[in-house]
Amino acid sequence: MSKGFLIDMDGVMYRGGQMIPGADAFIRQLRDDGTPFLFLTNNSQRTRRDVVTKLDRMGIEVEEKQVFTCAMATARFLADQKPNGTAYVLGEGGLLNALHQNGYSVVDHDPDFVVVGEGRTLNWDMLETATQMILDGAKLIATNDDPNCPTSRGTRPGAGATIAFLEEATGRKALSIGKPSPLMMRMARKEIGLETSETVMIGDTMETDILGGVQMGYQTILVLSGGTQLEDIPKHPYQPDLIIDSVAELVRKKDDRVVLRTPVTVSDGAANELVSSLRQ
């Protein structure tokens with residue numbers, strides 16, 4: 001059976017501005033084999049062109065069509081729900097660009113939706129304006145509900161933190177489109193023409209990448225090169241199909257091909273034994 005990959009980026013391909021060793025070789029192998037793959041990101045700030053440039057400067061060669069952001073997923077969802085609608089946006093260029101490309105106008109009064117992404121220019125006036133718009137009837141949409149984001153200078157609040165503020169202020173619940181939502185996970189699979197049984201999700205975060213894959217029935221690979229540590233895995237009621245240190249372990253040696261192991265369950269105190277058995 002053919003396989004295709006949905007691949008998280010931060011913590012899987014790179015950390016900050018540094019490529020994770022072996023990431024370039026893994027992507028080169030997929031390209032050489034003609035294996036379908038798509039990068040998924042819950043970062044709504046960048047356009048897909050921005051993402052391609054970032055990866056290219058690290059030595060990872062991809063095309064724009066191989067990048068799918070939560071901003072794109074959000075804009076497509078809104079265009080399907082209410083074509084040619086309007087939005088008040090708490091976010092940056094990637095989200096604004098995606099909305100415009102899907103026929104949406106960005107307005108500063110009487111919007112159909114208040115759309116929240118990551119934003120370094122967020123201020124109190126914007127939060128106050130958004131709060132009143134929601135109370136007046138605008139629907140609240142989150143590009144993702146990640147509470148914080150790692151940066152080279154530490155951790156900063158994410159879209160989820162802004163959403164929590166607006167939900168508390170208005171008493172209204174947001175609809176989140178990004179990982180682990182089935183909305184984005186399903187769009188991504190269809191983007192590269194895969195069936196559920198053909199889809200493998202690779203990520204470094206149990207709460208988004210792995211949970212999203214498990215909910216969709218995809219096979220899942222957790223890498224330990226990012227946010228999740230080995231001791232964190234048994235705490236979750238769901239488990240990945242395969243645990244590896246990094247995507248470098250998926251690079252084919254000689255004529256071997258990447259083969260997923262039989263799904264396993266990680267029990268408390270047995271994580272080290274499990275990882276050892278998977279690598280034999």
Side-chain angles (χ1 to χ4, degrees), residues 8 10 40-47 50 68-151 153-188 205-209 211-212 215 227:
D8 182 40
D10 198 354
L40 301 191
T41 177
N42 265 2
N43 188 324
S44 67
Q45 293 175 273
R46 298 188 182 97
T47 66
D50 297 334
F68 194 68
T69 73
C70 62
M72 295 168 59
T74 299
R76 291 185 188 184
F77 173 79
L78 293 181
D80 182 64
Q81 293 292 305
K82 186 176 178 62
N84 302 312
T86 59
Y88 180 72
V89 177
L90 303 181
E92 298 189 24
L95 180 54
L96 295 168
N97 183 70
L99 289 166
H100 286 150
Q101 288 188 342
N102 282 272
Y104 258 64
S105 300
V106 175
V107 298
D108 57 9
H109 68 279
D110 195 26
D112 297 313
F113 300 94
V114 170
V115 184
V116 179
E118 292 77 24
R120 291 164 291 187
T121 59
L122 183 67
N123 58 47
W124 182 262
D125 286 342
M126 296 168 69
L127 289 170
E128 186 175 5
T129 298
T131 296
Q132 191 58 55
M133 287 174 170
I134 295 165
L135 291 173
D136 289 341
K139 308 300 187 298
L140 180 57
I141 299 291
T143 58
N144 67 87
D145 56 9
D146 295 351
N148 51 59
C149 308
T151 72
R153 294 180 294 179
T155 301
R156 64 174 171 80
T162 306
I163 284 294
F165 178 101
L166 293 174
E167 288 181 332
E168 189 68 21
T170 64
R172 310 287 172 80
K173 296 296 292 183
L175 175 64
S176 181
I177 308 300
K179 299 179 294 182
S181 169
L183 292 168
M184 182 171 178
M185 301 297 289
R186 185 179 297 110
M187 284 188 212
T205 307
M206 289 290 288
E207 295 84 357
T208 54
D209 307 313
L211 176 58
Q215 289 176 327

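- The closest donor-acceptor contact from the side chain of D146 to the backbone of G160 lies at 3.5 Å or more, if one exists at all.
- Side-chain N or O atoms of Q215 include none that pairs as donor or acceptor with a backbone N or O of P182 at under 3.5 Å.
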query: Where do M126 and N123 land on the side-chain contact (heavy atoms from CB on, under 4.5 Å) test, with the steps shown first?
result: CA-CA 5 Å; M126 296 168 69; N123 58 47; 3.2 Å; yes
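- By the 4.5 Å heavy-atom criterion applied to side chains, N148 and P157 are not counted as neighbours.
- Pairing each heavy atom of D108 with each of Y88, the nearest pair is CA-CD1, 4.0 Å.
- Of all heavy-atom pairs spanning N102 and R76, the tightest one is OD1-CG, 3.6 Å.
- Note: L127 CG to L166 CG = 6.0 Å, rounded to the nearest 0.5 Å.
- Between the side chain of T170 and the backbone N or O of T131 there is no donor-acceptor pair closer than 3.5 Å.
- Residues N97 and H100 form no side-chain contact, since every pair of their non-hydrogen atoms from C-beta on lies 4.5 Å or further apart.
- Of the possible polar contacts, none joining the T47 side chain to the G94 backbone as a donor-acceptor pair under 3.5 Å is found.
- Using a distance-only test at 3.5 Å, with no hydrogens or angles considered, no donor-acceptor pair links the side chain of Y104 to the main chain of A87.
- With R172 contributing its side chain and L140 its backbone, the two residues share no donor-acceptor pair below 3.5 Å.
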- request: Apply the test side-chain contact (heavy atoms from CB on, under 4.5 Å) to residues M72 and Q101: give CA-CA distance (whole Å), side-chain angles for both, the deciding distance (0.1 Å), then the verdict.
  value: CA-CA 9 Å; M72 295 168 59; Q101 288 188 342; over 6 Å; no
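- F77 contributes atom CZ, which lies 5.5 Å from atom CG of L183 (distance to the nearest 0.5 angstrom).
- Closest approach of M133 and P111 over heavy atoms only: SD-CG, 3.6 Å.
- Shown here for L40 and K179, the closest heavy-atom pair between the two residues is O-NZ, 3.6 Å.
- Of all the heavy atoms in V115 and T143, the pair that sits closest is CG1-CG2, 4.3 Å.
- To the nearest 0.5 Å, atoms OG (S176) and CE (M184) are separated by 10.0 Å.
- Taking 4.5 Å as the limit, some side-chain heavy atom of L90 sits within range of a side-chain heavy atom of T162.
- Judged by distance alone, the side chain of N42 and the main-chain N or O of G178 form no donor-acceptor pair under 3.5 Å.
- Using the six-membered ring where Trp is involved, W124 and F165 have ring planes that are perpendicular, over 60° apart on the 30 and 60° scheme.
- Without hydrogens or angle criteria, D209 side chain to T205 main chain gives a donor-acceptor distance under 3.5 Å.
- Of all heavy-atom pairs spanning V116 and L95, the tightest one is C-CD2, 4.5 Å.
- Interatomic distance, CG of D145 versus OG of S181, reported as 9.0 Å (0.5 Å rounding).
- In this structure, CG in L78 is found 11.5 Å from NZ in K139, a value given to the nearest 0.5 Å.
- In summary, the side chains of E118 and N144 do present a donor paired with an acceptor at a separation below 3.5 Å, with no hydrogens or angles considered.
- Taking CD of E92 as the reference point, atom CG of D50 lies at 10.5 Å (rounded to 0.5 Å).
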